[in-house]
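First the structure, in the form of structure tokens, and then the observations on it.
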Amino acid sequence: ARTALGWSVKELSIAASVSTNTIVRLERGDALKLRTVNDIREALEKAGVLFIDGSYTGDGGPGVRLLKG
């Protein structure tokens, strides 16, 4: 989602009010507190990212989509 927006790690960390280290840990697959993950997700959604699960499209697994506008 971050790269789809064209955001750097620093830009996402600022938008989500978390450290750049936290973003790196998330992208590496490390476990984070649920509150932290929710903060990051909320920042991405505010920027126009739609998180989808496999049932949304019916033909694949989870992913992200950028909203128009």
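Positions are given from 1 along the sequence. Just the heavy atoms: all of them, side chains too, but no hydrogens, waters or symmetry mates, feed the values below.
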Just distance, no hydrogens or angles: give the donor-acceptor pairs under 3.5 Å from side chains in residues 3-15, sequence neighbours left out.
{"residue": "Ser8", "atom": "OG", "partner": "Lys10", "partner atom": "N", "Å": "3.4"}
{"residue": "Ser8", "atom": "OG", "partner": "Glu11", "partner atom": "N", "Å": "3.0"}
{"residue": "Ser8", "atom": "OG", "partner": "Glu11", "partner atom": "OE1", "Å": "3.4"}
{"residue": "Glu11", "atom": "OE1", "partner": "Ser8", "partner atom": "N", "Å": "2.6"}
{"residue": "Ser13", "atom": "OG", "partner": "Lys10", "partner atom": "O", "Å": "2.8"}

Fill in: CZ-CD1 distance between Arg65 and Ile52, expressed to the nearest 0.5 angstrom
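One finds 4.5 Å between CZ of Arg65 and CD1 of Ile52.
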Contacts under 3.5 angstrom, residues 39-49 side chains, donor-acceptor by atom type, not counting sequence neighbours:
{"residue": "Arg41", "atom": "NE", "partner": "Glu45", "partner atom": "OE2", "Å": "2.9"}
{"residue": "Glu42", "atom": "OE2", "partner": "Lys46", "partner atom": "NZ", "Å": "3.3"}

Discussion item. Please tell me whether Leu66 and Leu50 are part of a single hydrophobic cluster in this structure, the criterion being side-chain heavy atoms less than 4.5 Å apart.
Written reply: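 No, separate clusters.
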Would you be so kind as to tabulate the donor-acceptor pairs closer than 3.5 Å made by side chains of residues 20-33, with sequence neighbours excluded?
{"residue": "Thr22", "atom": "OG1", "partner": "Ser19", "partner atom": "OG", "Å": "2.9"}
{"residue": "Glu27", "atom": "OE1", "partner": "Arg2", "partner atom": "NH2", "Å": "3.2"}
{"residue": "Glu27", "atom": "OE2", "partner": "Arg2", "partner atom": "NE", "Å": "2.6"}
{"residue": "Glu27", "atom": "OE2", "partner": "Arg2", "partner atom": "NH2", "Å": "3.4"}
{"residue": "Arg28", "atom": "NE", "partner": "Asp30", "partner atom": "OD2", "Å": "3.0"}
{"residue": "Arg28", "atom": "NH2", "partner": "Asp30", "partner atom": "OD2", "Å": "2.6"}

